[in-house]
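One structure below.
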Amino acid sequence: MTHTHTNSTDVDRWDRGLTEHVIALTRPIVKHYFRSEVRGLDNIPDGPSLVVGNHSGGLMTFDLSVFAVGYYDRFGYDRPLYALGFDTIFAGPAGDFFRRTGVIRATRENAAKALAAGAVVLVFPGGDFDVYRSTLQENTIDFDGRTGYITTALEANVPIVPAVSVGGQESQFFLTRGRWLSRMLRLDKLERKLLRTDLVPMTFGFPFGFSILAPVNVPLPTKIVTEVLPPINLAEFGESPDIKRLDAHVRLKMQKALKALAAQRRYPIIG
């Protein structure tokens, strides 16, 4: 079943049947290969909310898949889960597939419409900057100063639900984001124009070993655990709250939770 509305946006393309099929195919991967757990899903309120997560795993990230399987297994398909994604992933024929399974372009219009429809919207504010952080900083929350998620939640008058994840940054060894290399080679302006990034990430993994952008290594079967935290009601911060202060508050909550979750981990990859 596809939701349809008067003014068409990416939100209207969601296809329940296709989403159920994709979740069924994805479940064995995240549950058996990555042994995933999503804890605290009951912290997601009944109404619309903006779930804010840290992002891990490089180009082959499974954060969304892990969360989506846990979400739909817990709540069913009556309330779609939408995830905000960069424009670049919608190029070509894959774009329609992403929209039909709930991955929508990260625009204010799309986010506002999904939240107005009562949906849960998942966003990774750190994006590429977060997903390519060094393995040595795998348990650090850093959104690179991006605060648009705060504005989105305030404008929609919905709570922010933080969610932290460990394990994904152990899928290979992340050496550096390579922003310095991008600037040194004067690729940063071209990359921003074509790919909306200024990074040249360097990684080491299986089976290709050292990699700069490509070839893409296969993720190791690391155990991924995601924990959903209690919602943050932004109305408690007054009528005109300071955006940077709210962002710092959310990140502090996430950093404490991520540190605690990481402390439960006994061994890399094994979990």
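Nothing fancy with the numbering, it's 1 onward along the sequence.
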**Message:** Using side chain to side chain contact (heavy atoms under 4.5 Å, CB included), reason through E109 and K113 one step at a time and then give a plain yes or no.
**Reply:** CA-CA 6 Å; E109 181 186 17; K113 188 160 187 178; 5.6 Å; no
**Item:** Derivation and outcome, side chain to side chain contact (heavy atoms under 4.5 Å, CB included), residues F174 and V131
**Value:** CA-CA 9 Å; F174 293 86; V131 85; over 6 Å; no
**Asked** Can you list the steps and then say if L175 with T203 is a side chain to side chain contact (heavy atoms under 4.5 Å, CB included)?
**Response** CA-CA 5 Å; L175 303 171; T203 65; 5.7 Å; no
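The aromatic rings of Y71 and F75 sit tilted relative to each other, their planes meeting at an angle between 30° and 60°. Below 30°, between 30° and 60°, or above 60°: for W14 and Y72 the angle between ring planes is below 30°, a parallel geometry.
The backbone N or O of N139 lies less than 3.5 Å from a partner atom in the side chain of Q255, making a donor-acceptor pair. Between the R179 side chain and the P201 main chain, no donor and acceptor come within less than 3.5 Å of each other. Formation of a donor-acceptor pair under 3.5 Å by the N110 side chain with backbone atoms of R105 is found in this model. Formation of a donor-acceptor pair under 3.5 Å by the R177 side chain with backbone atoms of F129 is found in this model. For S49 (side chain) and P45 (main-chain N/O), no donor-acceptor pair under 3.5 Å exists by modelled atom type. Using modelled atom types, no side-chain atom of T222 and backbone atom of E170 make a donor-acceptor pair closer than 3.5 Å. Without hydrogens or angle criteria, T61 side chain to G58 main chain gives no donor-acceptor distance under 3.5 Å. Listed for the R27 side chain is no donor-acceptor partner under 3.5 Å among the backbone atoms of D73. With hydrogens and angles ignored, the 3.5 Å screen pairs a side-chain donor or acceptor of N43 with a backbone N or O of V228. Using modelled atom types, one side-chain atom of N233 and one backbone atom of A235 make a donor-acceptor pair closer than 3.5 Å.
Between V38 and V66, some side-chain heavy-atom pair lies under the 4.5 Å cut-off. The side-chain heavy atoms of V218 and F208, taken from C-beta on, include no pair separated by under 4.5 Å. Here the side chains of R74 and I44 are not in contact, with every heavy-atom distance at 4.5 Å or above. The shortest distance between side-chain heavy atoms of V103 and F90 falls below 4.5 Å. No side-chain heavy atom of P48 sits under 4.5 Å from any side-chain heavy atom of V121.
Counted by atom type alone, Y82 and D10 present zero donor-acceptor pairs between their side chains at under 3.5 Å. Side-chain contact check for R133 and S56: at least one donor-acceptor pair (N or O, by modelled atom type) lies under 3.5 Å. Residues Q169 and T135 bring no donor and acceptor atom of their side chains to less than 3.5 Å of each other.
Counting non-hydrogen atoms of other residues, nucleotides and ligands closer than 6.0 Å to CG of N157 gives a total of 12 or fewer. Around atom CZ of F237, more than 12 heavy atoms belonging to other residues, nucleotides or ligands sit under 6.0 Å away.
Nearest approach of A68 to L81, heavy atoms of both residues: CA-CD2, 3.8 Å. Contact record, T226 with S165: OG1-OG, 3.3 Å, taken as the closest heavy-atom pair.
The aromatic ring centres of F143 and Y149 sit less than 6.0 Å apart.
The pair D247-R146 does not meet the salt-bridge criterion, since no charged nitrogen lies less than 4.0 angstrom from a carboxylate oxygen. A salt bridge does not link R79 with D46: none of the charged nitrogens is closer than 4.0 Å to a carboxylate oxygen.
Residue H55 is tested with D63, D130, D128 for a side-chain hydrogen bond (donor to acceptor under 3.5 Å, both in side chains); the sole match is D63.
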